[in-house]
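Given the structure is predicted, the values throughout are model-derived calculations rather than measurements. A note on names: the letters A, B, ... follow the listed sequences, proteins ahead of strands, and every chain is numbered from 1.
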2 protein chains.
Amino acid sequence: MTSTTAIGLAVSTVIFALRADETGAPQVWLPLVRRTREPFFQRWALPGGMVLTDESLEGAARRNLGETTRLEPTYLEQLYAFGDVDRSPDQRMVSIVYWALVRPDEAERVTLGDNVRWFAADDLPDLAFDHNLIVDYALWRLRTKMEYSRIAHAFLGPRFTLAELREVYEAVLQKPLDPANFRRQMETSGVIEPTGEVVTGGRHRPPRLYRYTGDVELVDAGPLTKSPPSRTIAPARISA
Amino acid sequence: MTSTTAIGLAVSTVIFALRADETGAPQVWLPLVRRTREPFFQRWALPGGMVLTDESLEGAARRNLGETTRLEPTYLEQLYAFGDVDRSPDQRMVSIVYWALVRPDEAERVTLGDNVRWFAADDLPDLAFDHNLIVDYALWRLRTKMEYSRIAHAFLGPRFTLAELREVYEAVLQKPLDPANFRRQMETSGVIEPTGEVVTGGRHRPPRLYRYTGDVELVDAGPLTKSPPSRTIAPARISA
DNA sequence: CTGCCTTCAGGTCACCCTGACTTTAACAAC
DNA sequence: GTTGTTAAAGTCAGGGTGACCTGAAGGCAG
């Protein structure tokens with residue numbers, strides 16, 4: 001007979017932000033924290049921790065995220081529950097993983113140091129546990145959801161140009177998009193509207209500023225709030 | 001200080017099957033089990049149970065499913081981790097929920113009795129815990145995934161007619177589909193191929209039998225096997 | 001001031017997919 | 001044979017997409 005009480009329960013979060021690489025092009029980055037104890041002592045890992053009995057799973061994700069990185073994400077969604085028997089070398093551990101997006105300005109608030117660092121999402125070291133697999137899955141989720149939802153705006157401020165919005169899509173999807181077709185799709189989809197303002201100063205025609213229309217759900221609270229009949233999906237349909 | 005060890009961990013599964021209603025039309029049904037202890041004593045609930053330390057989460061779902069209903073699903077996928085503080089009246093409980101599909105013939109193997117019964121998915125009683133919410137979310141997931149993947153064949157045997165396949169889509173999506181357009185979509189998508197056989201005996205032109213092409217993943221093992229670079233999606237794009 | 005560069009904004013056109021519909025085929029029952 | 005039913009295949013207009021083109025509006029070098 002095996003015991004049923006010896007399974008640890010933790011939450012972890014994969015947080016994505018757009019940051020410029022050496023060439024100045026925006027890329028997907030994520031913060032990792034260095035482990036301070038065994039197992040995987042001093043290896044890089046996803047921020048996370050235990051769940052307290054009086055906080056929700058999402059609350060636990062937010063608390064652990066704030067305690068380790070000081071980040072407050074603009075978008076947060078549950079990703080998957082990882083619970084293979086051998087994913088931790090000693091105690092059996094089940095991790096409920098969230099993924100999150102933060103704006104570039106919020107991203108710079110991170111408490112940098114020897115124990116917290118930003119990494120390019122497509123060039124990670126060997127992480128603790130199965131965290132490489134988790135990051136890959138979160139990246140797949142981010143890219144998939146970018147194509148049919150309006151999460152891109154979680155990377156931007158309240159006002160933005162079409163070029164800035166397009167750069168978000170290009171950085172996440174890792175492919176160039178035709179500016180004219182991108183404009184047409186965004187305009188016909190109705191998810192954005194012009195503010196009337198323009199940005200001057202560039203050595204070209206001044207672009208308009210846009211904002212997102214209506215009530216954009218910044219935090220996907222999972223099935224508890226949205227699932228059953230509502231559709232929740234704002235179409236984007238970005239392709240090549 | 002709140003303790004971190006007093007959180008229970010369980011798995012539950014929402015299993016869907018197509019069964020004929022009074023009018024003979026196939027509908028989505030699911031089996032429920034009657035609770036044998038507090039809380040929610042004698043209320044209907046999803047089949048599930050505790051996770052043993054030497055079994056995976058998916059293994060725990062399969063084992064509990066077999067022990068309570070004798071069902072072995074043809075498709076199984078993790079749905080969501082439910083862990084709100086107040087979802088169980090006494091002990092704090094986190095449930096990792098799976099959703100599954102079974103063929104009609106397999107569905108009839110269920111050990112019926114006072115404690116196990118089939119229910120129409122859109123006409124459920126008040127269930128234990130937050131299980132009504134969970135079923136609604138699983139239904140939303142089933143219907144959403146039916147439109148862009150090839151899970152429909154998990155409801156069918158190895159050979160089937162286009163009318164049978166279409167009836168699966170119509171039962172799940174709850175709307176009639178144009179037979180001619182459905183045929184064209186299925187043929188151009190390349191996910192099915194004719195076997196060369198036809199079904200005689202009906203008082204009309206004998207329909208061809210089809211099979212699914214290639215390696216159809218009957219069990220979605222989650223991100224652990226498929227996620228990072230592979231795309232895994234077999235398009236269907238069913239609409240009105 | 002005048003070209004010349006840049007990016008923004010708007011438009012055109014062929015192509016493919018879709019939905020709605022029509023036509024022919026092939027059986028069973030009468 | 002005639003009728004009824006569904007299978008199978010074809011037709012056509014409309015909408016969305018990708019590729020491409022043209023003009024607009026600024027800064028900058030000379």
Side-chain angles (χ1 to χ4, degrees), chain A residues 23-26 146-150 156 159-171 173-211 233-240, chain B residues 23-26 146-150 156 159-171 173-211 233-240:
Chain A
T23 72
M146 180 73 65
E147 298 193 12
Y148 68 88
S149 80
R150 45 169 67 176
L156 295 172
R159 276 184 267 273
F160 48 87
T161 67
L162 278 176
E164 292 169 340
L165 182 60
R166 179 167 48 84
E167 282 171 4
V168 172
Y169 279 90
E170 290 178 332
L173 300 180
Q174 294 181 307
K175 64 181 177 185
L177 300 176
D178 184 282
N181 293 336
F182 183 82
R183 166 184 306 278
R184 183 180 55 193
Q185 281 188 330
M186 286 299 142
E187 284 174 344
T188 60
S189 70
V191 298
I192 60 174
E193 59 185 9
T195 63
E197 307 162 279
V198 293
V199 180
T200 56
R203 45 191 299 177
H204 51 77
R205 177 173 176 171
R208 299 175 187 149
L209 279 176
Y210 289 82
R211 73 169 74 90
I233 293 180
R237 293 189 58 78
I238 301 300
S239 45
Chain B
T23 72
M146 179 75 64
E147 297 193 13
Y148 68 88
S149 79
R150 43 169 68 176
L156 296 172
R159 277 184 269 273
F160 48 87
T161 67
L162 277 176
E164 292 171 340
L165 182 61
R166 179 168 48 84
E167 282 171 4
V168 172
Y169 279 89
E170 289 178 334
L173 300 180
Q174 294 181 305
K175 62 181 178 185
L177 300 176
D178 184 281
N181 294 336
F182 183 81
R183 166 184 306 279
R184 183 180 56 192
Q185 282 188 327
M186 286 298 142
E187 284 173 345
T188 60
S189 71
V191 298
I192 61 174
E193 58 185 8
T195 64
E197 308 161 278
V198 293
V199 180
T200 57
R203 45 191 300 177
H204 50 76
R205 177 171 175 171
R208 298 176 189 150
L209 280 176
Y210 288 82
R211 74 169 74 89
I233 294 179
R237 291 189 60 78
I238 304 299
S239 45

Pick out the pairs of N or O atoms, protein on one side and nucleotides 5-9 of chain C on the other, that lie under 3.5 Å.
{"from": "dT6(C)", "atom 1": "O2", "to": "Arg203(A)", "atom 2": "O", "distance (Å)": "3.4"}
{"from": "dC8(C)", "atom 1": "O2", "to": "Arg205(A)", "atom 2": "NH1", "distance (Å)": "3.2"}
{"from": "dA9(C)", "atom 1": "OP1", "to": "Arg208(A)", "atom 2": "N", "distance (Å)": "2.8"}
{"from": "dA9(C)", "atom 1": "OP2", "to": "Arg183(A)", "atom 2": "NH1", "distance (Å)": "3.2"}
{"from": "dA9(C)", "atom 1": "OP2", "to": "Arg183(A)", "atom 2": "NH2", "distance (Å)": "2.5"}
{"from": "dA9(C)", "atom 1": "O5'", "to": "Arg183(A)", "atom 2": "NH2", "distance (Å)": "3.4"}
{"from": "dA9(C)", "atom 1": "O3'", "to": "Arg208(A)", "atom 2": "NH2", "distance (Å)": "3.2"}

Original post:
Nearest 0.5 Å, what's the CZ-CG distance between Arg166(B) and Asn181(B)?
Top reply: 11.0 Å
**OP:** Using atom CD of Glu164(B) as one end and atom C1' of dT6(D) as the other, report the distance to the nearest whole Å.
**Re:** 13 Å
Original post:
Nearest-Å distance, CG (Leu165(B)) to P (dA8(D))?
Top reply: 12 Å
Please tabulate, one pair per line, all N/O donor-acceptor pairs under 3.5 Å involving side-chain atoms of residues 200-208 of chain B, not counting sequence neighbours.
none

Subject >> Interatomic distance where CG belongs to Asn181(A) and C1' belongs to dC16(C) [whole Å] >> reply: 15 Å
Original post:
Taking atom P of dA19(D) as reference, at what distance in whole Å does atom NZ of Lys175(A) sit?
Top reply: 10 Å
**OP:** Mind grabbing the angle between the end helix axes of the helix from dC1(C)-dG30(D) to dC30(C)-dG1(D)? Five pairs an end, 10° rounding.
**Re:** 10°
**OP:** Classify the side chain of Arg184(A) and the base of dG11(C) as holding, or not holding, a donor-acceptor pair under 3.5 Å.
**Re:** no
**OP:** Could you state the atom-to-atom distance from CG of Asp178(A) to C1' of dG16(D) in whole Å?
**Re:** 15 Å
Subject >> CE on Met186(A) to CG on Leu162(A), rounded to 0.5 Å >> reply: 8.0 Å
Original post:
Considering residues at least two apart in sequence or located in another chain, which fulfil the side-chain hydrogen bond (donor to acceptor under 3.5 Å, both in side chains) criterion with Thr188(A)?
Top reply: none
Subject >> salt bridge (charged side-chain N to carboxylate O under 4.0 Å, His left out) contacts touching residues 180-200 of chain B (sequence neighbours left out) >> reply: Arg159(B)-Glu197(B), Arg183(B)-Glu187(B), Glu193(B)-Arg211(B)
**OP:** Tell me, please, which residues at least two apart from Phe160(B) pass ring pair (Phe, Tyr, Trp, His ring centres under 6.0 Å).
**Re:** Tyr212(B)
Subject >> Close side-chain approach of Val198(B) to Leu209(B), heavy-atom, < 4.5 Å >> reply: no
**OP:** Ignoring backbone atoms, test whether Gln185(A) places a side-chain nitrogen or oxygen under 4.0 Å from the OP1 or OP2 oxygen of dG16(D).
**Re:** no
Original post:
Is any side-chain heavy atom of Phe182(A) less than 4.5 Å from a side-chain heavy atom of Glu170(A)?
Top reply: no
**OP:** Can you tell me the distance, in whole Å, between the CZ atom of Phe182(B) and the C1' atom of dT18(C)?
**Re:** 15 Å
Original post:
Quick one: OH on Tyr169(B) to CD on Gln185(B), what's the gap to the nearest 0.5 Å?
Top reply: 9.0 Å
